[in-house]
Amino acid sequence: MRLSRYFLPLLKETPAEAEIVSHRLMLRAGMVRQSSAGIYVWLPLGLKVLQKIEQIVREEQNRAGALEVLMPTVQSAELWHESGRYDAYGPEMLRISDRHDREMLYGPTNEEQITDIFRRHVKSYKDLPLNLYQIQWKFRDEIRPRFGVMRGREFLMKDNYSFDLDHDGAVRSYNAMFAAYLRTFSRLGLRAIPMKADTGPIGGDLSHEFIILAPTGESAVFFDRGFDDLDPLADQSDDPDAATLHAIRERWTSLYAATDEVHDAAACPVPAERLVTGRGIEVGHIFNFGTKYSEPMGATVQGPDGQMVPVQMGSYGIGISRLVGAVIEASHDDAGIVWPASVAPFDGGLINLRAGDERCTGVCDDVYAKLGVLGLDVLYDDTAERPGAKFAAMDLIGLPWSLTIGPRGLDQGVVELKDRASGEKAEISLESALARIAERTGTQAPASPEALAG
RNA sequence: CGGGGAGUGGCGCAGCCUGGUAGCGCAUCUGCUUUGGGAGCAGAGGGUCGCAGGUUCGAAUCCUGUCUCCCCGACCA
């Protein structure tokens with residue numbers, strides 16, 4: 001993408017409304033604009049990141065055997081009356097009425113709707129297990145939205161729902177999601193720590209929150225140093241059996257981890273030398289709730305013995321729009337965002353230092369074409385801005401690497417390849433720069449100019 | 001919802017106390033000079049001063065009402 005044709009409204013100054021670093025950087029980098037309290041417009045750069053995260057979450061859900069559906073944002077209140085939650089939910093739920101004065105609502109979550117779909121179409125244990133997910137916008141009328149997209153009222157969430165005949169099956173489904181979450185956050189370049197969550201009045205034995213570590217995270221977390229030695233991808237074969245999944249969950253939940261609300265320094269079982277203190281952001285929550293909805297809503301299946309039993313359910317959420325902010329909280333510096341390669345809006349950047357110079361522009365255009373042939377999505381700064389402004393902009397939007405080409409370097413036969421994370425700059429020949437880029441992005445460098453032409 | 005604060009060109013702010021018809025920096029546009037870490041000079045465009053009433057010859061400024069936004073707290077992906 002040529003920057004001259006892109007829509008990237010950068011801000012030099014920090015808008016007064018933004019308090020935390022991810023919010024400030026998202027505004028400055030032209031990713032989002034606030035529309036009203038807790039509601040945001042996603043601009044091209046922000047949307048790209050949102051979609052990258054969404055896609056990784058989707059791939060890991062599919063891999064774990066979940067099936068994607070898409071449910072409406074506006075729901076009828078009827079189902080909510082049936083489950084008893086219409087009155088229980090409180091003012092967090094945005095209630096609206098249509099022209100016929102029917103009670104509607106903008107969905108804060110979808111348990112009722114998915115249960116309704118299930119009960120209308122699934123009657124036999126032979127159709128189980130079933131796991132349906134969606135990636136859809138939700139609305140919760142928070143008392144006080146804050147922290148930009150980290151705590152908006154409107155937010156994009158992946159939520160899924162598992163259906164099993166019995167408790168053992170439900171546990172297997174739960175463990176499969178547990179493992180999928182470890183993979184998902186790992187691919188997003190984040191360190192995630194699962195913590196036992198409060199199951200509230202519903203009870204139930206299984207609920208975990210996934211906290212990702214970020215230096216500017218919202219809450220303090222305390223955890224066993226042993227997490228450092230765990231590999232989120234260990235034992236994650238393509239179709240793990242129940243025992244493997246159980247072992248993964250056991251391994252990750254046997255170590256101590258708690259947020260500051262629960263942590264009691266005096267009663268902490270972890271010796272001081274093993275205890276790590278950090279800050280974290282909750283980005284996922286998984287929950288097994290048995291028959292809480294299936295019973296009142298009559299979602300029953302016939303088992304092998306011919307008996308009708310309410311289906312065992314679990315639900316699993318990942319805050320996708322929140323993750324955009326969370327990734328930035330976890331990865332930034334004074335100059336701007338430092339994207340993990342997997343979610344970066346572009347693979348890298350190309351800077352033409354002298355857009356008015358024919359030779360320099362010729363080389364840049366050529367390099368841009370070559371990077372395209374490599375299959376790379378590159379942001380090409382072909383504008384007439386001054387070098388300083390270009391460098392600052394590139395640092396701000398945080399692409400993993402940038403290739404800078406200017407007349408002075410060309411005279412000496414070199415270009416500059418910069419690594420955003422380390423700040424390391426290498427003045428090397430164009431050929432070796434392209435080779436390094438191909439290497440770090442896992443793409444194949446064309447063997448010859450003819451290959452490029454073809 | 002309790003406590004604080006703010007609404008003035010796209011962004012950041014001054015002006016308000018002590019009414020006289022709006023200003024600064026950045027950004028934008030034009031021209032020239034520049035060009036390796038947010039350039040210089042010259043010129044230009046852009047504002048119903050959140051909204052509605054009121055006081056006054058005259059309101060960004062004073063009064064009343066109202067809306068919105070931000071921060072702290074309780075609540076949440």
Side-chain angles (χ1 to χ4, degrees), chain A residues 9-20 23-24 27-28 30 33-39 53 57 89-93 107-110 135-160 181 185 197-198 200 207-212 218-219 259 261 280-287 315-326 334-336 351-357 360 381 383-396 402-412 414-416 418 423 425 427:
Chain A
L10 302 179
L11 302 176
K12 202 189 259 189
E13 290 174 90
T14 302
E17 77 220 37
E19 195 68 13
I20 62 161
H23 191 194
R24 288 202 297 260
L27 290 169
R28 288 194 54 212
R33 285 293 111 100
Q34 179 164 314
S35 169
S36 61
I39 301 177
I53 293 175
V57 170
Y89 219 90
E92 252 199 1
M93 183 153 75
T109 178
N110 288 71
I135 294 171
Q136 177 64 292
W137 291 91
K138 310 274 194 290
F139 193 93
R140 290 182 196 169
D141 200 357
E142 298 282 344
I143 300 170
R144 182 156 91 86
R146 64 183 108 177
F147 305 149
V149 300
M150 299 251 294
R151 180 90 171 274
R153 291 195 293 172
E154 187 180 56
F155 56 97
L156 186 62
M157 183 176 171
K158 183 283 301 177
D159 50 321
N160 59 325
Y181 274 36
F185 296 125
D198 184 15
S207 180
H208 290 93
E209 288 174 355
F210 283 77
I211 310 274
I212 60 115
E218 56 194 348
S219 50
T259 59
E261 292 116 28
I281 301 166
E282 185 189 344
V283 290
H285 198 159
I286 61 178
F287 194 25
S315 76
Y316 316 87
I318 291 181
I320 293 189
S321 49
R322 161 175 274 204
L323 270 168
V324 179
D334 289 343
I351 296 178
N352 179 353
L353 272 188
R354 195 81 60 87
D357 183 287
C360 188
D381 188 345
T383 65
E385 280 297 313
R386 303 177 60 79
K390 294 190 174 204
F391 293 133
M394 201 55 84
D395 285 346
L396 175 61
S402 55
L403 183 61
T404 300
I405 300 177
R408 191 191 296 176
L410 288 179
D411 287 341
Q412 297 156 20
V414 295
V415 297
E416 182 189 283
K418 177 178 170 180
K425 295 176 244 184
E427 297 224 325

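No hydrogens, no waters, no symmetry mates; every other heavy atom, side chains included, goes into these values. Residue numbers begin at 1 in each chain, while the letters A, B, ... track the order of the sequences.
- Taking CD from Glu154(A) and OG from Ser36(A), the interatomic distance works out to 8.5 Å, rounded to the nearest 0.5 Å.
- Phosphate contact (OP1/OP2 of U35(B), side-chain N/O of Arg386(A), threshold under 4.0 Å): absent.
- The side chain of Arg146(A) places an N or O atom within less than 4.0 Å of a non-bridging phosphate oxygen (OP1 or OP2) of G73(B).
- Pairing of C41(B), defined by two Watson-Crick or G-U wobble distances under 3.5 Å, is identified with G31(B).
- Remark: the separation of the P atoms in C72(B) and A27(B) is 31 Å, to the nearest Å.
- Checked against C69(B), G38(B), G36(B), the side chain of Ala389(A) finds its nearest nucleotide in G38(B).
- Shortest non-hydrogen contact noted between Gly325(A) and Val149(A) is N-CG2, 3.9 Å.
- Taking atom P on both nucleotides, G15(B) is separated from C71(B) by 24 Å, rounded to a whole Å.
- Nucleotide G38(B) holds its C1' atom 13 Å from the CD1 atom of Ile351(A), rounded to whole Å.
- Cys360(A) and Arg354(A) get closest at one heavy-atom pair: CB-O, 4.0 Å.
- In this model, no side-chain donor or acceptor of Glu385(A) finds a partner on the base of G38(B) within 3.5 Å.
- For G10(B), the paired base is C26(B) (Watson-Crick or G-U wobble, both distances below 3.5 Å).
- C17(B) is unpaired under the Watson-Crick or G-U wobble criterion, no partner having all donor-acceptor distances under 3.5 Å.
- Separation of atoms CG (Leu27(A)) and CG (Leu10(A)) is listed at 11.5 Å; rounding is to 0.5 Å.
- Taking a pair to require two hydrogen-bonding distances under 3.5 Å in either a Watson-Crick or a G-U wobble arrangement, C69(B) pairs with G5(B).
- If you take CZ of Arg28(A) and P of G12(B), they are 13 Å apart, rounded to a whole angstrom.
- Rounded to whole angstrom, the span from the NZ atom of Lys12(A) across to the C1' atom of U28(B) amounts to 13 Å.
- The ring of Phe155(A) lies on top of the base of A77(B), close enough and flat enough: under 5.5 Å between centres, under 30° between planes.
- Listed candidates were A74(B), C13(B), A77(B). Nearest to the side chain of Ala16(A) is C13(B).
- When the P atom is compared between U48(B) and G10(B), the two are found 9 Å apart, to the nearest whole Å.
- The two residues Lys418(A) and Lys425(A) have their closest heavy-atom pair at CG-CG, 3.8 Å.
- Here the side chain of Arg322(A) is nearest to one of G37(B), C76(B), C11(B), namely C76(B).
- Here the separation of G9(B) from A14(B), taken at their P atoms, is 13 Å to the nearest Å.
- Nearest-nucleotide positions on RNA chain B for Gly284(A) and Gly388(A) put Gly388(A) closer to the 5' end.
- Separating the CD atom of Glu92(A) from the C1' atom of A74(B) is a distance of 13 Å, rounded to the nearest angstrom.
- Among the nucleotides G37(B), C75(B), G38(B), the one closest to the side chain of Leu396(A) is G38(B).
- Nucleotide C49(B) has no partner under the Watson-Crick or G-U criteria, as no pair reaches both atom distances under 3.5 Å.
- Pairing for G36(B) is absent, with no Watson-Crick or G-U wobble pair whose two atom distances lie under 3.5 Å.
- Following rounding to the nearest Å, Glu17(A) (CD) and G10(B) (P) show an atom-to-atom distance of 14 Å.
- Distance check on atom C1': A39(B) versus A77(B) gives 46 Å, rounded to whole Å.
- Distance CZ (Phe147(A)) to C1' (A77(B)): 14 Å, rounded to an integer number of Å.
- Comparing C11(B), C71(B), A74(B) by their nearest atom to the side chain of Leu11(A) picks out C11(B).
- Look at Arg354(A) and you won't find any side-chain N or O under 4.0 angstrom from OP1 or OP2 of U35(B).
- Of all the heavy atoms in Leu353(A) and Pro387(A), the pair that sits closest is CD2-CB, 3.6 Å.
- Applying the 3.5 Å distance criterion, the base of C69(B) shares no donor-acceptor pair with the side chain of Arg144(A).
- Searching all strands for a Watson-Crick or G-U wobble partner of U55(B) with both distances below 3.5 Å returns nothing.
- Distances were taken from every side-chain heavy atom of Gln34(A) (C-beta onward) to each of C69(B), C71(B), G12(B); the shortest belongs to C69(B).
- Of the candidates C70(B), C75(B), A39(B), the closest approach to any side-chain atom of Ala37(A) belongs to C70(B).
- Side-chain atoms of Glu416(A) lie closest to G37(B) of the nucleotides G73(B), C13(B), G37(B).
- The minimum heavy-atom distance linking Ile351(A) with Lys390(A) is given by the pair CG2-CD, 3.8 Å.
- The side chain of Thr404(A) sits closest to G36(B) out of A39(B), A77(B), G36(B).
- Rounded to whole Å, the separation between the C1' atoms of A59(B) and C1(B) comes to 35 Å.
- Separating the P atom of G4(B) from that of C76(B) is a span of 26 Å, rounded to the nearest Å.
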